[in-house]
Amino acid sequence: MQKLTYKNYAAMSRAAADIVVATVKAKPNTVLGLPTGSTPIGLYAELVKDYKAGKVDFSKVTTFNLDEYVGLDVKHEQSYRRFMQEQLFDHININPSNTHIPSGTAKDLNKAAKEFEVKLKESGGVDLFVLGIGTNGHIGFNEPAAGMPAYTHVVGLAEETIKVNADKFFGGDMEAVPKTAVSMGLATIMQAKKIILLSSGESKNDAIAKIESEILTLDCPGTVLHMHRDVTLLVS
Ligand code: PGA
């Protein structure tokens, strides 16, 4: 595992964009794994800038997002589908049918999660996965627990995650935050060929310190990234 430290959020976001752009240039039909949340907003803004400046072509790119809230319509202002449209997809030349986000509204969520895994496999797998990390060390919505499903699954959100997301995105209203989500599992994520994890701000210090301690524990799911051979932490 490699760690790169940046002087601020803007520099980290730019560096992450450089990695994504270089990946897409080297392989135009790249499959990207993507996160939502506050952390990747700067990265997505840089990618839009690069696209508008003619520096990158997303026409053959495929994307798979980590997770989605259960029960929010795709048009809901806090759905992760809407987030991705507004932050990235609506502003670049990606083929909409190449963008995949787990369904949080399917009648049978488990069946939809299995189909999502099949699609991911059929795509050839993720070339580059961009991750964020929760203050509690979660990646995707794989919350600290004694055990968890390996692949895409329905999951209950940790109290801490509900609180953090309420404050950041739901005007502090914990009741408004869905209590369940559909998330890729840790095994889904670990099958990516290359992973970069973005972390910005002091609230993530504890999670990053646990990863750096090199002790594997599902109490901090991000620590399992040590079992992958090509992971870079981008920290600011
Ligand atoms: P954040 O969330 O980017 O909003 O900090 C990251 C996460 O919870 O994984």
Side-chain angles (χ1 to χ4, degrees), residues 6 8-17 20 32-47 63-70 72 76-84 86-88 101-102 104 126 129-145 148 152-153 155-174 176-186 188-190 192 195-211 218-225 228 231-236:
Y6 298 90
N8 55 36
Y9 175 74
M12 180 193 75
S13 300
R14 187 57 244 167
V20 174
L32 295 173
L34 296 176
T36 50
S38 53
T39 309
I41 289 174
L43 159 65
Y44 294 152
E46 291 299 317
L47 291 177
T63 64
F64 286 87
N65 265 75
L66 275 171
D67 44 23
E68 178 61 281
Y69 288 119
V70 167
L72 295 192
H76 188 284
E77 62 175 6
Q78 292 305 337
S79 83
Y80 287 166
R81 164 55 75 179
R82 179 149 164 196
F83 175 98
M84 289 308 301
E86 289 180 350
Q87 300 297 327
L88 184 64
I101 299 183
V126 170
F129 218 127
V130 182
L131 294 175
I133 185 142
T135 54
N136 65 358
H138 74 199
I139 50 178
F141 277 127
N142 294 286
E143 305 284 18
M148 58 195 69
T152 304
H153 60 286
V155 60
L157 269 51
E159 193 72 10
E160 181 171 334
T161 299
I162 293 168
K163 172 92 181 69
V164 168
N165 287 4
D167 290 345
K168 274 190 191 166
F169 299 109
F170 289 83
D173 181 5
M174 286 177 69
V177 182
K179 306 299 179 286
T180 49
V182 178
S183 177
M184 286 188 192
L186 293 175
T188 320
I189 295 165
M190 295 283 280
I195 297 174
I196 61 174
L197 183 147
L198 313 187
S199 173
S200 186
E202 282 178 12
S203 66
K204 307 289 175 70
N205 283 356
D206 192 40
I208 294 295
K210 282 185 181 145
I211 293 175
L218 290 179
D219 281 340
C220 178
T223 62
V224 305
L225 294 174
H228 192 283
V231 178
T232 304
L233 308 181
L234 280 67
V235 177
S236 70

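Just so you know, ligand 1 is whichever comes first in the structure, and atom 1 is the first atom listed for that ligand. Just so you know, these numbers come straight off a predicted model, no measurement behind them. Numbers here are sequence positions counted from 1.
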### Task
Check whether any side-chain heavy atom of V20 sits under 4.5 Å from a side-chain heavy atom of L32, and report yes or no.
yes

### Query
So do the side chains of T161 and F141 get within less than 4.5 Å of each other, counting heavy atoms only?
yes

### Query
Which atoms of ligand 1 sit under 4.0 Å from any heavy atom of G37?
3 (O), 4 (O)

### Task
Specify side chain, backbone, both or neither for T161, according to which of its non-hydrogen atoms lie closer than 4.0 Å to ligand 1.
neither

### Partner of Y69 by side chain to side chain donor-acceptor pair (under 3.5 Å), out of T180, N165, T36
N165

### Partner set under ring pair (Phe, Tyr, Trp, His ring centres under 6.0 Å) for Y44, not counting sequence neighbours
none

### Message
Regarding E159 and K163, does a basic nitrogen lie under 4.0 Å from an acidic carboxylate oxygen?
### Response
no

### Message
Closer than 4.0 Å to some heavy atom of K168 - which atoms of ligand 1 meet that?
### Response
1 (P), 4 (O), 5 (O)

### Summary
the protein heavy atom lying closest to atom 3 (O) of ligand 1 turns out to be T39 OG1, 2.5 Å

### Query
Nearest to atom 6 (C) of ligand 1, what protein heavy atom do you find, and at what distance?
I133 O, 3.5 Å

### Query
Going by the order shown, which atoms of ligand 1 are within less than 4.0 Å of some heavy atom of K204?
1 (P), 5 (O)

Can you give each donor-acceptor pair under 3.5 Å made by side-chain atoms of residues 196-205, sequence neighbours left out, with the distance rounded to 0.1 Å?
| residue | atom | partner | partner atom | Å |
| --- | --- | --- | --- | --- |
| S200 | OG | S236 | OG | 2.9 |
| K204 | NZ | I133 | O | 2.9 |

### Summary
H138 heavy atoms within 4.0 Å reach ligand 1 at atoms 7 (C), 8 (O), 9 (O)

